[in-house]
Amino acid sequence: MKKSNKSSIIFIVIVAVIFLLAIAFLIISKTAKAVPDNPPGTIGNTPGNIYNSGYFCEDDKHVYFANSYDENSLYVMNPDETEMKKLITANVKYINTGGKYLYYYMSDSGSSTGLGFVRRVMGIYRSNKKGKQVTTISRDPSLDMILINNDLYYQHYDNKNAVTLYKCDTEGKKETMVSKEIISPAGVYEDKIYFTNQKDNLFLMVLDTKDDSISEFKNYKMWDPIRVDDYIYFLDISNDLKLCRYSISNDSIDILTNDRVDCYNLNSQYIYYQSNSTENPALKRISIDGAVEEIVAEGNYTAINITSEYVYFRPFGNEYVTYKTPAYGSIRVQEFDAARDILMQ
């Protein structure tokens, strides 16, 4: 065989190999997910935090939070508030964490700068846990967003349908309407969402995220339900919004406090709630069974967010200050100084 023929054959083989590799690369690129699936049972934040605007979110190592002293920009710190660092200049809430990513809603980015953000862009975003690789999930106004396995469930608003329930995969490619009704997805437990039927009777409903089917769970009027094992904690709509809990196994309801409650959150030992009172409003704490009641701070407070170390809350009508108290043990209220002082460094 002539030398020129051998060279031609070798050239053809090389071109063919390159062509096949290019096709394989394209196939892999199209089929591979940019965001790997989360472990089964992944929940992006706690129901109580999401009911309270989701300003704080904890994973197994860090706490991600909206710093009220810095226009709710996204920060990260250790649970004990050490090694605090700013991630993104943007007004964020409904912070969720799953796998290697953060998900959050940017409500007002008029003063946003850097990291690829365009001024005055609101919507749902994903970034890595260093605040980089920012990706848009949705540009529409949203509320009560929570990550369940590999989907974000959230209240979606548009001019045509007003408030409806939507979900979107973590890559931001499959946005679909789940229900035309006003449903808060915050009350998630395992693969189910517990919510109030706001259309008809205010009874407790359940949505199974495996197929998005909806059914009645309990013919009782419950607001802001949070399920913990056999119990569902809620505000009793028929009883002046008193804080109660429903035992699923016993089919019984216990009244935990006689106060009218504006908002609440809980951990394994305590329930923190804002008592609605004209004369003596206060943030209070009761044991998980309602046996012991203590005043945390006198006055009106909101946005009660809980981490493993602290309970954070804001004065009603004042979005620029955050207070805290240890989540367990003795009450000791003080200002969230670390978040304020970092701006002076």
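Bear in mind the structure is a predicted one, so any value in this text is a computation, not a measurement.
- Using a 4.5 Å cut-off on side-chain heavy atoms (C-beta onward), Tyr273 and Ile286 make contact.
- Remark: side-chain polar atoms of Gln274 are not paired, donor with acceptor, to backbone N or O of Cys263 under 3.5 angstrom.
- For the 3.5 Å distance criterion, the side chains of Asp262 and Asn276 qualify, holding a donor opposite an acceptor.
- Checked against the 6.0 Å centroid criterion, the rings of Tyr312 and Tyr55 do not qualify as a close aromatic pair.
- Under 3.5 Å, the side chains of Ser213 and Asp208 contain no donor-acceptor pair of N or O atoms.
- Leu147 is connected to Leu165 through a chain of hydrophobic side-chain contacts under 4.5 Å among Ile, Leu, Val, Met, Phe, Trp and Tyr, so both are in one cluster.
- Side-chain atoms of Tyr264 come within 3.5 Å of backbone atoms of Tyr233 as a donor-acceptor pair (strictly under, hydrogens ignored).
- Here the straight-line distance linking atom CE of Met205 with atom CG of Asn197 works out to 5.0 Å at 0.5 Å rounding.
- Across every non-hydrogen atom of Gly187 and Pro47, the tightest pair is CA-CB, 4.1 Å.
- Looking at heavy atoms from C-beta onward, Tyr69 lies in side-chain contact with Glu335 at the 4.5 angstrom threshold.
- Side-chain contact, Glu175 with Tyr154: a donor N or O sits under 3.5 Å from an acceptor N or O.
- A donor-acceptor contact shorter than 3.5 Å links the side chain of Thr196 to the backbone of Met222.
- Side-chain contact annotation: Asn45 with Thr97, donor-acceptor N/O pair under 3.5 Å absent.
- Centroid-to-centroid, the aromatic rings of Phe65 and Tyr75 come within less than 6.0 Å.
- Salt bridge annotation for Arg245-Asp289: absent, with no cationic side-chain nitrogen under 4.0 angstrom from a carboxylate oxygen.
- In this structure, Tyr103 is a member of the same hydrophobic cluster as Ile43, with clusters built from ILVMFWY side-chain heavy atoms closer than 4.5 Å.
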Original post:
Yes or no on side chain to side chain donor-acceptor pair (under 3.5 Å) for Tyr328 and Ser268, after CA distance, side-chain angles and deciding distance?
Top reply: CA-CA 9 Å; Tyr328 301 93; Ser268 61; 3.3 Å; yes
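- Aromatic pair Tyr246/Tyr220: centroids not less than 6.0 angstrom apart.
- Two residues are said to be in side-chain contact when any heavy atoms from C-beta on lie closer than 4.5 Å; Ile304 and Leu283 meet this criterion.
- Membership of an apolar cluster is not assigned to Val292, as no side-chain contact below 4.5 Å to another ILVMFWY residue is traced.
- For Tyr320, the OH atom is loosely surrounded, since the number of other residues' heavy atoms within 6.0 Å does not exceed 12.
- Within 6.0 Å of atom NZ in Lys199, 12 or fewer heavy atoms from other residues, nucleotides or ligands are found, so the atom counts as exposed in its surroundings.
- Side-chain atoms of Asp230 come within 3.5 Å of backbone atoms of Ser249 as a donor-acceptor pair (strictly under, hydrogens ignored).
- One N or O on the side chain of Asn201 and one on the backbone of Phe203 form a donor-acceptor pair closer than 3.5 Å.
- Side-chain heavy atoms closer than 4.5 Å link hydrophobic residues (I, L, V, M, F, W, Y) into clusters, and following such links, even through other members, never connects Leu87 to Val63.
- Side-chain contact between Val261 and Trp223 is absent, with no heavy-atom pair separated by less than 4.5 Å.
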Subject >> Test log, rule side chain to side chain donor-acceptor pair (under 3.5 Å), inputs Asn91 and Ser107 >> reply: CA-CA 6 Å; Asn91 190 324; Ser107 60; 3.2 Å; yes
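- Partner of Asn149 under the side chain to side chain donor-acceptor pair (under 3.5 Å) criterion, chosen from Asn38, Asp191, Thr42: Asp191.
- Here Asp236 does not pair with Lys242 in a salt bridge; the nearest charged N to carboxylate O distance is not below 4.0 Å.
- One hydrophobic cluster, built from ILVMFWY side chains closer than 4.5 Å, cannot hold both Ile95 and Met84; they sit in different ones.
- For Gln269, the CD atom sits in a packed shell: over 12 heavy atoms of surrounding residues, nucleotides or ligands are nearer than 6.0 Å.
- If you chain together hydrophobic residues whose side chains sit under 4.5 Å apart, Ile50 and Tyr157 never meet in one group.
- Results of the side chain to side chain donor-acceptor pair (under 3.5 Å) test with Lys324 over Glu309, Glu81, Gln334 single out Glu81 as the only residue that passes.
- A parallel orientation is assigned to the rings of Tyr166 and His156, their planes being inclined by less than 30° (bins at 30° and 60°).
- Looking at Asn49 and Asn265, their side chains do bring a donor and an acceptor atom within 3.5 Å of each other.
- Asn300 places no side-chain N or O within donor-acceptor distance of the main-chain N or O of Phe316, the cut-off being under 3.5 Å.
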